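Below is one structure, written out as structure tokens; the observations come after it.
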Amino acid sequence: MRSVTLLAPAKVNLHLGIYPGRDERGYHRADSVMVALGLADRVTVSETPDSPLHVSMDVDAGVGERDNTAYVAAERLCAAFGRSPEYQVSIEKRVPPKSGLGGSSSDGAATILALCDLWGVSPASDAVVGVARSVGADVPFFLNLAPSLLEGAGDVLCRVFPALGDVPIVLVRPKGGVSTARAYAEFDCDPVNPLDTTGIINALSGGSVADVARSLYNNLSGAARRAEGQIAEVERWLAVQDGVRASMVSGSGSCVFGICSSHADAERIAALAHDEQGLWSCATRVVSSRDEVAN
């Protein structure tokens with residue numbers, strides 16, 4: 001039977017502005033500017049005629065199979081195109097869950113892209129993008145991977161920016177994770193109106209990494225810190241490391257990322273975080289297309 005294997009990259013938010021209140025769907029309005037990273041899961045979608053849809057992972061992410069984003073993505077895309085959901089989705093996890101790195105959304109997008117490949121369907125079609133939006137806020141971003149601004153509930157692609165280049169990134173994750181639901185519940189207890197996206201839009205439009213570093217913003221970070229107290233410790237530690245130009249919590253946390261001056265700095269800091277702090281860490285880089293992604 002035919003199968004397609006794709007890499008499903010992580011992301012970081014350069015700007016995340018969450019607005020107080022929820023819409024009729026239960027979502028917050030969000031301004032989200034994201035870039036993809038070289039760190040990636042590996043997703044294989046295989047045809048399994050006469051066998052029902054099944055998703056397997058090599059780690060326990062703490063969700064049931066039918067709640068797995070890849071399962072939801074496959075089920076909804078099959079329904080939208082009138083296909084029988086007879087596929088096996090196998091996921092090799094490299095992006096840690098509950099980290100604000102978009103791993104589950106990226107797995108869902110890779111599943112959608114793999115099915116489009118098997119069917120000969122354009123992933124840019126309105127039907128495919130509509131399914132991606134229904135699966136999760138970040139999923140449409142992962143269909144493309146270019147630096148992007150998404151609005152609405154963080155699911156409406158509004159603007160794509162030029163490639164930022166080979167920017168070194170270090171990721172350091174506290175031992176505790178933060179679920180997206182928990183972070184937003186904490187935010188609702190003490191909501192904060194966000195800054196607008198002018199600064200990061202200007203920085204990305206000009207292609208200046210220095211300006212991007214100065215424009216990092218996330219008004220969900222306070223909620224993430226309340227949900228996982230070790231985040232603040234990791235933020236303080238990472239901010240004072242030589243070679244870190246700027247650092248911030250990604251998305252709903254718990255992972256903290258740093259924009260580094262060089263790949264050597266990113267690798268050195270990742271090693272220090274692992275060896276001296278006992279934390280999961282990774283030296284990676286910004287990517288702007290699927291061809292650039294490599295584990």
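Bear in mind that the values here come from a model prediction, so they are computed numbers and not experimental data.
At a cut-off of 3.5 Å, with distance as the only test, a side-chain donor of Asp265 or Ser262 sits close to an acceptor on the other residue. With hydrogens and angles left out, the side-chain atoms of Ser250 and Arg173 include no donor and acceptor closer than 3.5 Å. Checking Gln88 against Ser51 by side-chain atom types alone, no donor-acceptor pair falls below 3.5 Å. With 3.5 Å as the limit, one finds no donor-acceptor pair spanning the side chains of Ser289 and Asp291. Checked by atom type, the side-chain pair Ser90/Glu92 shows no donor-acceptor distance below 3.5 Å. A donor and an acceptor atom, one from each side chain of Asn13 and Ser32, are located under 3.5 Å apart.
The shortest non-hydrogen separation linking Ser254 to Pro174 is O-CD, 3.0 Å. The two residues Pro123 and Val128 come nearest to each other via the heavy atoms O-CG1, 3.4 Å. Nearest approach of Cys260 to Ile269, heavy atoms of both residues: SG-CD1, 4.2 Å. Residues Val131 and Ala73 approach most closely at CG1-O, 4.3 Å, considering heavy atoms. Nearest heavy-atom pair across Gly17 and Tyr217 is CA-CE2, 4.4 Å. Of all the heavy atoms in Ala273 and Ser281, the pair that sits closest is CB-CB, 3.9 Å.
Centroid-to-centroid, the aromatic rings of Tyr19 and His28 stay 6.0 Å apart or farther.
Side-chain contact between Val12 and Leu171 is present, with at least one heavy-atom pair separated by less than 4.5 Å. Annotation: side chain of Leu37 is not in contact with side chain of Val287 (no heavy-atom distance under 4.5 Å). Between Glu151 and Asp31 there is a side-chain heavy-atom pair separated by less than 4.5 Å. Ser106 is not listed as a side-chain neighbour of Phe141, based on a closest heavy-atom distance of 4.5 Å or more. Looking at heavy atoms from C-beta onward, Arg133 lies in side-chain contact with Pro140 at the 4.5 angstrom threshold. You'll find the side chain of Arg22 reaches within 4.5 Å of the side chain of Asp188, heavy atoms only. By the 4.5 Å heavy-atom criterion applied to side chains, Leu204 and Asp211 are not counted as neighbours.
A donor-acceptor contact shorter than 3.5 Å links the side chain of Gln241 to the backbone of Trp237. Of the possible polar contacts, none joining the Ser288 side chain to the Ala163 backbone as a donor-acceptor pair under 3.5 Å is found. Looking at Asp155, its side chain does come within 3.5 Å of a backbone N or O of Ala153 through a donor-acceptor pair. A distance-only check finds no donor-acceptor pair linking the side chain of Thr111 to the backbone of Ala109 [under 3.5 Å]. Remark: side-chain polar atoms of Ser221 are not paired, donor with acceptor, to backbone N or O of Val249 under 3.5 angstrom. Remark: the backbone N or O of Ser122 is paired with a side-chain donor or acceptor of Ser125 at under 3.5 angstrom. For the pair Gln277 (side chain) and Leu279 (backbone), a donor-acceptor distance under 3.5 Å is absent. Checked by atom type and distance alone, the side chain of Glu86 never pairs as donor or acceptor with a backbone atom of Pro52 at under 3.5 Å. Checked by atom type and distance alone, the side chain of Arg94 never pairs as donor or acceptor with a backbone atom of Leu39 at under 3.5 Å. In terms of modelled atom types and a separation under 3.5 Å, the side chain of Arg182 and the main chain of Ser252 share no donor-acceptor contact.
Met248 and Val178 are members of different hydrophobic clusters when ILVMFWY side chains are connected at heavy-atom separations under 4.5 Å. Following chains of ILVMFWY side-chain contacts shorter than 4.5 Å, one can reach Val209 starting from Val33, so the two form part of one hydrophobic cluster. Both Val139 and Leu115 are members of a single hydrophobic cluster when ILVMFWY side chains are connected at heavy-atom separations under 4.5 Å. Taking hydrophobic clusters as Ile, Leu, Val, Met, Phe, Trp and Tyr residues chained together by side-chain heavy-atom distances below 4.5 Å, Val72 shares a cluster with Val129. The cluster map of Ile, Leu, Val, Met, Phe, Trp and Tyr, joined by side-chain heavy atoms under 4.5 Å apart, puts Tyr71 and Trp119 in the same cluster.
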Applying side-chain contact (heavy atoms from CB on, under 4.5 Å) to Leu145 and Phe142, what does each step give before you reach the verdict? CA-CA 5 Å; Leu145 301 187; Phe142 287 110; 3.9 Å; yes
Check step by step if salt bridge (Lys or Arg N to Asp or Glu O under 4.0 Å) holds for Arg225 and Glu235. CA-CA 10 Å; Arg225 290 186 203 100; Glu235 286 180 302; 2.6 Å; yes
Test log, rule side-chain contact (heavy atoms from CB on, under 4.5 Å), inputs Tyr184 and Ile18: CA-CA 9 Å; Tyr184 278 90; Ile18 305 300; 3.3 Å; yes
Walk me through it: do Val4 and Thr44 pass the test side-chain contact (heavy atoms from CB on, under 4.5 Å)? CA-CA 6 Å; Val4 173; Thr44 299; over 6 Å; no
Let me see the working for Asp60 and Lys93 under salt bridge (Lys or Arg N to Asp or Glu O under 4.0 Å), right down to the final yes or no. CA-CA 9 Å; Asp60 182 3; Lys93 291 294 291 181; over 6 Å; no
Passes side-chain contact (heavy atoms from CB on, under 4.5 Å), His274 versus Trp280? Steps please. CA-CA 6 Å; His274 179 270; Trp280 180 91; over 6 Å; no
Worked check of side-chain hydrogen bond (donor to acceptor under 3.5 Å, both in side chains) between Ser205 and Arg159: CA-CA 11 Å; Ser205 298; Arg159 184 165 178 177; 3.1 Å; yes
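The distance from the CD atom of Glu267 to the CG atom of Leu272 is 12.0 Å, given to the nearest 0.5 Å. Distance check, rounded to the nearest 0.5 Å: CG of Asn219 to NE2 of His15 gives 7.5 Å. To the nearest 0.5 Å, atoms CG (Leu149) and SG (Cys158) are separated by 5.5 Å. Rounding to the nearest 0.5 Å gives a distance of 9.5 Å between CZ of Phe257 and CG of Leu101. For the atom pair NZ (Lys11) and CE (Met34), the distance works out to 6.0 Å, reported to the nearest 0.5 Å. Here Leu14 contributes atom CG and Ser215 contributes atom OG; the two are 9.0 Å apart, rounded to the nearest 0.5 Å.
Using a 4.0 Å cut-off between charged side-chain N and carboxylate O, Arg268 and Asp242 make no salt bridge.
Within a 6.0 Å radius of CG in Asp275, more than 12 heavy atoms belonging to other residues, nucleotides or ligands are found.
Of the options Asp41, Val293, Asp107, Leu113, a side-chain contact (heavy atoms from CB on, under 4.5 Å) to Leu6 is made by Leu113 and by none of the others. Each of Thr69, Val89, Val45 was compared with Val55 under the side-chain contact (heavy atoms from CB on, under 4.5 Å) criterion, and only Val89 meets it.
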